[in-house]
Amino acid sequence: MKKILITGGAGFIGNNFIRYVLKKRKYRIINVDLLLFPSSFENIKDLMKVENYKFYKGDIKNYKFLLKIFKKEKNIDGVINFAAWSHVDKSILKPKDFIETNVYGVFNLLEIQKLGFFRRFLQISTDEVYGDLPYDTLDKFNEDSPLRPSSPYSSSKASADLLSLSYYKTYDLDILITRSSNNFGEYQFPEKLIPLTILKIIKNQKVPVYGNGRNVRDWIYVLDNVRGIMKVFEKGKSGNIYNIGGENEVTNLELVKKILYFFDRDESSIEFVKDRPGHDRRYSLDITKIKTQLYHKNIYDFEKFLKRTVYWYKNNLKWVEKCLDQNFKKYHLQNYNKRI
Ligand code: NAD
Ligand code: DAU
């Protein structure tokens, strides 16, 4: 049985990925996560008794720790790196964490690959590395578009992409990259727009929309990204980058109004707040490559799964409270707390 090591598998996408693979494939999964959020352990608790799954709490910044795991586990076929500090707002307030994990952590994994401890490395990246597009064009980013990251988060991810590609070229290692657009779905930490909006509505509080709400994001249901990642891991060509987008562009204002509608609320529940510094205007991914070369097709309808996500949060308020209670006090910067 093939063995893959997932980093960041207690987070939003990694957790959804592990559940998908355990259900659909025959792989042994090793999950390495620092459990930055108290909700993280909650996310993976029920997996502990699953036969083909093993969890290690640890930090990808810690080279010695990683080496120990790779020596102990032996014969790992591939590594998929989801582990990262992932929120743009936090990166603006505290960039150091982002550079340390998102760049130096990736460097550690690449160094271990160079020693021959595993064959294939898939780096999970983001559409944000391309920077933004103007509002009034139909332009899209393809995999050859220049990298023009705007935030400390996106520049840390772009750095990791470049480092990975340099290891592919210089050391002839088997390395790939996926760049996806904004994911939504179950288990997303309620600092991000969709779960935050749902939570604010449930609590009868105003929904904060940055600036004028015209910014456009291309939303993809998390399981379509997970399916794309698996396709790339199993069938992708080494040295290649694959965009994974939802082909579903919506302004933030439209999106918030859609969620308000599920609760029978109107625009009066919105509060336009100070804009995010350096706020990217529009993201749009050209996903021709993954469609034509790997025959990947999105299967989850946006409206239907947005509604399902709203119900999931409504039915999992205990999980949400757990995220907020301990986590926001402990880890998330004083300024950030003011928004919540
Ligand atoms: P998340 O914040 O929910 O999860 C990240 C996980 O990484 C957490 O469980 C955290 O504990 C872990 N982690 C952080 N630092 C670590 C470290 N030093 N060592 C070990 N584990 C560590 O993020 P997510 O939304 O699931 O994103 C996963 C990946 O996908 C990230 O690399 C992100 O850049 C990328 N991505 C996310 C989206 C999105 O819309 N969420 C879109 C494109 C790309
Ligand atoms: O594009 C992919 C990226 O999507 C990923 O690489 C990141 O890991 C992921 O976190 C996400 O990026 P952001 O960190 O920008 O997501 P967020 O949900 O915070 O913001 C989405 C949009 O909503 C953005 O235009 C800012 C806006 N927003 C966000 C919040 C939290 C608001 O208007 N109000 C808010 O309160």
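As the structure lists them, so they are numbered: ligands from 1, and atoms in each ligand from 1.
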N or O pair under 3.5 Å between [X] and ligand 1:
X	result
Asp59	yes
Ile60	yes
Ser180	no
Ala83	no

Short list, please: which atoms of ligand 1 are under 4.0 Å from a heavy atom of Lys157?
31 (C), 32 (O), 33 (C), 34 (O)
May I ask you to list the atoms of ligand 1 that are less than 4.0 angstrom from any heavy atom of Asn182?
40 (O)
Identify the protein heavy atom lying closest to atom 11 (O) of ligand 1, giving its residue, its atom name and the separation to 0.1 Å.
Asp33 OD1, 2.6 Å
Can you confirm if the NZ or CZ of [X] lies within 45° of the ring axis of [Y] and under 6.0 Å from the centre of its six-membered ring?
X	Y	value
Lys289	Tyr242	yes
Lys114	Tyr171	yes
Arg217	Tyr283	yes
Arg214	Tyr135	yes

Considering only heavy atoms, which of [options] lies nearest to [atom]?
atom	options	result
atom 15 (O) of ligand 2	Lys192, His279, His87, Arg276	Arg276
atom 2 (O) of ligand 1	Ser125, Ser86, Gly105	Ser86
atom 18 (O) of ligand 2	Asp127, Ile270, Leu193	Leu193
atom 36 (N) of ligand 1	Phe82, Tyr153, Phe12, Phe98	Tyr153
atom 31 (C) of ligand 2	Glu191, Glu128, Gln188	Glu191
atom 38 (C) of ligand 1	Ile13, Leu193, Val222, Thr126	Ile13

Tyr53 and Asn31: side chain donor to acceptor below 3.5 Å
yes
Decide whether Asn248 and Asp218 meet the rule of one side-chain donor and one side-chain acceptor closer than 3.5 Å.
no
Give the numbers and elements of all ligand 2 atoms closer than 4.0 Å to a heavy atom of [X].
X	result
Tyr153	5 (C), 6 (O), 7 (C), 8 (O)
Val209	33 (O)
Tyr283	1 (O)
Arg217	24 (C), 25 (O)

Heavy-atom distances under 4.0 Å are what count here, so tell me which part of Val273 touches ligand 2: side chain, backbone, both or neither.
neither
Are Leu147 and Val103 in one and the same hydrophobic cluster, where Ile, Leu, Val, Met, Phe, Trp and Tyr link if side-chain heavy atoms are under 4.5 Å apart?
no
Does Tyr20 belong to the same Ile/Leu/Val/Met/Phe/Trp/Tyr cluster as Ile124, with side-chain heavy atoms less than 4.5 Å apart forming each link?
yes
How does Leu35 reach ligand 1, if at all, at less than 4.0 Å between non-hydrogen atoms: by side chain, backbone, both, or neither?
backbone
Please work out whether any backbone atom (N, CA, C, O) or any side-chain heavy atom from C-beta onward of Thr101 is under 4.0 Å from ligand 1, and answer side chain, backbone, both or neither.
side chain
Would Lys157 count as a contact of ligand 2 if the rule is a heavy atom under 4.0 Å away?
no
Salt-bridge test for Asp89 and Arg276: reply yes if a basic N is under 4.0 Å from a carboxylate O, no otherwise.
yes
Could Asp174 and Arg119 be called an ion pair, given the rule that one side-chain N must be under 4.0 Å from one carboxylate O?
yes
Below 30° counts as parallel, above 60° as perpendicular, anything between as tilted: where do the rings of Phe17 and Phe82 land?
tilted
Hey, would you say the Phe305 and Tyr300 ring centroids sit under 6.0 Å apart?
yes
